[in-house]
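Structure first, then comments.
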Amino acid sequence: MTERGLPAKPEPGARAKDSSLGRLLFAVAASAALVSPGTAMTAEPRADVRGELDGEPKRTTERVIGETDRPVENRFEARRRARAAAEDAIAVLRSEGYYAYQVEPDVSDTDQPRPIVQIAPGPRFVLKSPTLTWQGSPPDPEAAAVAVSSISLDAGSAARAVEVLAAEGRILAAIQKRGYADAEATARDVVVDHADETVAPDFRIASGSLVRLGGLEIQPGSRTSPGFLRNLAPWKSGDVYDPDDVAEMERRLSDTGVYDAVTVALAARPATGPDDLRGVVVSVAERRPRSIEGGASYSTTEGAGVNARWTHYNRLARADTIALSGQISNRDTRAGLDVSLPHWRRPQQTLHTGLAAYRVRTDAFNETGFGVHLDVTRRDRRTSYVTAGMSVDYSRTEEITAGTLTTLGRDLVTFVALGDLLLDRSNDPLDPSEGWRLSARLEPTLIVGDTNLPYLRGVAQGSYYQSLDKQAQTIVAARLRLGRIVNGTVDQIPAPQRFFAGGGGSVRGFSFQGVGPRLADDTPRGGVFLLESSLEVRRDLNSTWGFVLFADAGAVGSDGPVDLGDLAVGAGFGVRYNLGFAPIRLDIATPVSRRRGASPFQIYVSIGQSF
């Protein structure tokens with residue numbers, strides 16, 4: 001950095017910019033360590049900041065100077081601390097655009113000496129129009145124009161160092177995006193003129209040559225087929241380098257879930273010889289080929305349960321997953337085989353297939369059966385998915401009939417076609433604070449056997465998330481879910497295919513299948529219409545703990561559209577413990593109006609937010 005005109009204070013104001021930045025970073029780290037929860041003694045400021053500095057610049061300076069739990073023992077120690085604090089203050093002032101500063105270290109005249117930093121910041125310097133100088137051969141005119149437009153520094157704005165550094169980063173990102181992978185910044189020239197109180201940055205960029213991509217350079221040691229890996233590359237040999245393509249290749253490999261680590265990077269620039277095509281180095285660390293998982297659960301409404309899963313990864317050398325699973329519980333007992341083939345026939349497309357035998361016991365119905373399914377999921381962008389598939393099930397269902405209250409058993413073969421759409425524009429899959437989600441699912445169904453009926457089952461759900469402050473500590477979340485079965489009455493539709501409501505993912509405060517019409521013997525009947533809604537206010541108390549207030553409502557219609565007069569409403573509160581990747585949630589809810597014999601409250605424990 002070059003300064004023109006007389007500096008307000010030659011020492012230490014003429015310190016080199018790199019030294020100032022280093023002291024600033026060191027001081028921030030030191031102050032963060034000192035104020036960590038492990039601090040045992042009462043901390044005090046390393047030095048008192050006095051003078052004309054106020055507002056956010058003063059708070060930043062005090063934060064960088066930091067605190068200590070060691071008291072000052074003598075005036076020599078106090079003066080040493082004051083000098084160190086003055087250097088930290090100068091680093092902050094220069095980074096915030098104050099170059100005509102007056103900073104004086106001092107010591108109080110009290111019996112217990114205190115280090116003091118007297119600060120007169122002077123005027124805040126402003127930016128002149130920045131310039132961009134290419135070192136060596138410039139890039140093509142279009143790329144050069146994009147680089148200049150990406151600077152986005154307004155003349156007359158505060159000359160803050162962070163804005164200048166950010167502008168340099170934008171230049172590099174813009175030029176690399178257009179194929180100049182080796183672009184780098186050389187020493188920038190920032191002219192500080194004390195005569196007119198301005199700062200004029202000149203960015204100096206070496207663009208290097210245009211890079212075109214070649215094939216993959218696959219590191220040895222992987223069980224995955226090289227041909228499978230090469231088919232995942234989102235570029236063709238000879239395409240201009242785009243960092244997004246390299247990142248997409250890494251994402252495609254990571255999404256398979258069969259690798260512990262994935263690294264995809266542009267090969268090093270050759271020291272000599274032509275640089276016509278540059279390879280891309282792919283390195284994957286295979287996870288252990290087999291894993292065994294087990295779990296146990298207990299619920300006051302469902303009783304005890306155990307589950308186990310054996311998984312074989314990459315058995316077919318194409319990032320596949322083959323799993324055998326089983327669970328035993330009072331409500332749902334099943335065993336199954338599932339196979340997942342990611343990037344099937346084309347990238348971002350996954351084939352899922354499997355078979356299962358199951359026995360389900362609920363208050364509304366019993367079902368025992370065997371089924372197979374096959375579906376294909378296509379990813380569009382990072383968080384949007386379209387799924388199409390089909391399934392065939394043979395099952396024996398038992399349910400209570402209305403009127404006679406006798407058990408009706410039906411042997412059925414069920415053919416289902418599936419269409420599913422998920423659009424996720426939220427900022428986090430497990431703990432969103434902004435954005436929205438929309439899902440829709442259609443299931444054209446044909447049942448044959450003791451009942452012959454074609455019908456259409458559809459469900460749609462939307463949720464919205466809005467933070468009420470910049471730190472996203474208070475969030476309002478809302479959810480609406482609608483369902484409809486067309487071309488069948490409630491008695492014609494097998495009970496396992498009807499709509500039911502109530503429970504942790506539905507209407508809290510009510511038990512599973514606890515919302516909706518009931519038969520004369522209090523058996524849940526289910527319905528062909530469904531309405532559910534939720535409203536939550538989520539508040540973080542700190543980085544670990546938070547709480548939630550919520551209200552859920554829902555209704556099920558047996559013969560016609562939902563009657564809002566039958567709406568079941570539950571309300572409650574919950575506690576959240578942040579694991580880093582998602583919160584553990586514990587919710588306690590009570591029904592606003594409770595039917596006779598129902599529990600006065602329900603408790604739910606899970607990972608992730610309720611929606």
Legend entry - Asp431 vs Gln609, side chain to side chain donor-acceptor pair (under 3.5 Å): CA-CA, chis, key distance, verdict: CA-CA 6 Å; Asp431 191 13; Gln609 299 289 0; 3.0 Å; yes

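- With His343 contributing its side chain and Arg252 its backbone, the two residues share a donor-acceptor pair below 3.5 Å.
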Legend entry - Stepwise side chain to side chain donor-acceptor pair (under 3.5 Å) test for Asn427 and Ser433: CA-CA 7 Å; Asn427 61 348; Ser433 59; 2.8 Å; yes

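- Here CD of Glu62 is found 13.0 Å from CG of Asp88. Values are rounded to the nearest 0.5 Å.
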Legend entry - Arg441 and Glu443: CA distance, side-chain angles, deciding distance, salt bridge (charged side-chain N to carboxylate O under 4.0 Å, His left out) verdict: CA-CA 7 Å; Arg441 185 181 182 94; Glu443 297 178 353; 2.7 Å; yes

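- Scanning all heavy atoms of the two residues, the minimum distance from Gly509 to Tyr604 falls at N-OH, 3.0 Å.
- With a 6.0 Å cutoff to the six-membered ring centre and a 45° limit on the axis angle, Arg379 does not count as a cation-pi contact of Tyr385.
- Between Asp393 and Ser395, the side chains place no donor N or O within less than 3.5 Å of an acceptor N or O (distance only, hydrogens not considered).
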Inset, instruction - Please lay out, stage by stage, how Arg160 and Ser95 fare under the test side chain to side chain contact (heavy atoms under 4.5 Å, CB included). - result: CA-CA 6 Å; Arg160 300 179 67 241; Ser95 70; over 6 Å; no

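- Residues Arg585 and Val605 form no side-chain contact, since every pair of their non-hydrogen atoms from C-beta on lies 4.5 Å or further apart.
- When all heavy atoms of Ala472 and Ser467 are compared, the pair lying nearest together is CA-CB, 3.9 Å.
- Interatomic distance, OG of Ser340 versus OH of Tyr313, reported as 11.0 Å (0.5 Å rounding).
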Inset, instruction - Show the numbers, then the answer: is there a side chain to side chain donor-acceptor pair (under 3.5 Å) between Gln327 and Thr333? - result: CA-CA 5 Å; Gln327 70 176 42; Thr333 297; over 6 Å; no

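- Side-chain atoms of Thr321 and Val258, non-hydrogen and from C-beta on, do get closer than 4.5 Å to each other.
- We find that Glu44 and Arg114 are joined by a salt bridge, their nearest charged nitrogen and carboxylate oxygen being less than 4.0 Å apart.
- Counting only N and O atoms by type, the side chains of Thr377 and Gln349 include no donor and acceptor under 3.5 Å apart.
- The shortest side-chain heavy-atom distance between Glu367 and Asp332 does not fall under the 4.5 Å cut-off.
- Between Gln348 and Glu248, the side chains place a donor N or O and an acceptor N or O closer than 3.5 Å (distance only, hydrogens not considered).
- Although no hydrogens or angles enter the test, the distance criterion places a donor-acceptor pair under 3.5 Å between the side chain of Glu399 and the main chain of Ala495.
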Inset, instruction - Could you walk me through whether Arg50 and Ile119 pass the side chain to side chain contact (heavy atoms under 4.5 Å, CB included) test, one step at a time? - result: CA-CA 6 Å; Arg50 299 181 183 178; Ile119 300 176; over 6 Å; no

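- Taking all atoms of both residues into account, the shortest heavy-atom contact from Arg498 to Ile485 is CA-CD1, 4.1 Å.
- Using modelled atom types, one side-chain atom of Gln112 and one backbone atom of Val72 make a donor-acceptor pair closer than 3.5 Å.
- Using a 4.5 Å heavy-atom threshold, the side chains of Phe573 and Val548 count as separate.
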Inset, instruction - Go through the steps to decide whether Leu253 and Val284 satisfy the test side chain to side chain contact (heavy atoms under 4.5 Å, CB included), and finish with yes or no. - result: CA-CA 8 Å; Leu253 289 171; Val284 294; 4.2 Å; yes

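- Between Thr311 and Ile292 there is no side-chain heavy-atom pair separated by less than 4.5 Å.
- Side-chain atoms of Leu530 and Phe500, non-hydrogen and from C-beta on, never get closer than 4.5 Å to each other.
- Rounding to the nearest 0.5 angstrom, the gap separating the CG atom in Asp522 from the CD1 atom in Ile400 is 12.0 Å.
- Counting heavy atoms from C-beta outward, Arg576 and Ile584 have side chains that stay 4.5 Å or more apart.
- Note that CG of Asn307 and CZ of Arg334 are 12.0 Å apart. Values are rounded to the nearest 0.5 Å.
- Proximity of Val575 to Trp545: side-chain heavy atoms (C-beta onward) are separated by under 4.5 Å at one or more points.
- Closest approach of Val490 and Ser558 over heavy atoms only: CB-O, 3.5 Å.
- With hydrogens and angles ignored, the 3.5 Å screen pairs a side-chain donor or acceptor of Asn314 with a backbone N or O of Ala319.
- When each of Arg538, Arg425, Glu434 is checked for a side-chain contact (heavy atoms from CB on, under 4.5 Å) with Tyr465, only Arg538 meets the rule.
- In terms of modelled atom types and a separation under 3.5 Å, the side chain of Arg170 and the main chain of Ser150 share a donor-acceptor contact.
- One N or O on the side chain of Asp469 and one on the backbone of Gln473 form a donor-acceptor pair closer than 3.5 Å.
- Between the side chain of Asp540 and the main chain of Asn542, no donor-acceptor pair closer than 3.5 Å is present.
- For the residue pair Ser463 / Arg437, no side-chain donor-acceptor distance below 3.5 Å is found, with atom types taken as modelled.
- Heavy-atom neighbours of Ile328 CD1 from other residues, nucleotides or ligands within 6.0 Å: at or below the threshold of 12.
- Here the straight-line distance linking atom CG of Leu480 with atom CG of Leu535 works out to 12.0 Å at 0.5 Å rounding.
- Counted by atom type alone, Gln513 and Asp363 present zero donor-acceptor pairs between their side chains at under 3.5 Å.
- Geometric assessment of Arg331 against the ring of Phe512 yields a positive cation-pi assignment under the 6.0 Å and 45° thresholds.
- The two residues Arg359 and Ser329 come nearest to each other via the heavy atoms NH2-O, 4.2 Å.
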Inset, instruction - Would you sort out whether Leu541 and Phe547 count as a side chain to side chain contact (heavy atoms under 4.5 Å, CB included), showing the intermediate values? - result: CA-CA 7 Å; Leu541 300 177; Phe547 72 91; 3.7 Å; yes

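- Of the options Asp420, Leu421, Val376, a side-chain contact (heavy atoms from CB on, under 4.5 Å) to Thr387 is made by Asp420 and by none of the others.
- Although no hydrogens or angles enter the test, the distance criterion places no donor-acceptor pair under 3.5 Å between the side chain of Thr523 and the main chain of Leu519.
- Defined by atom type and a distance below 3.5 Å, a donor-acceptor pair is present between the side-chain atoms of Ser534 and Arg479.
- The CG atom of Leu442 sits 13.0 Å away from atom CZ of Arg484, with the distance rounded to the nearest 0.5 Å.
- Closest heavy-atom contact between Val556 and Gly526: CG1-C, 3.8 Å.
- When only modelled atom types and interatomic distance are considered, Ser506 and Glu532 share a side-chain donor-acceptor pair under 3.5 Å.
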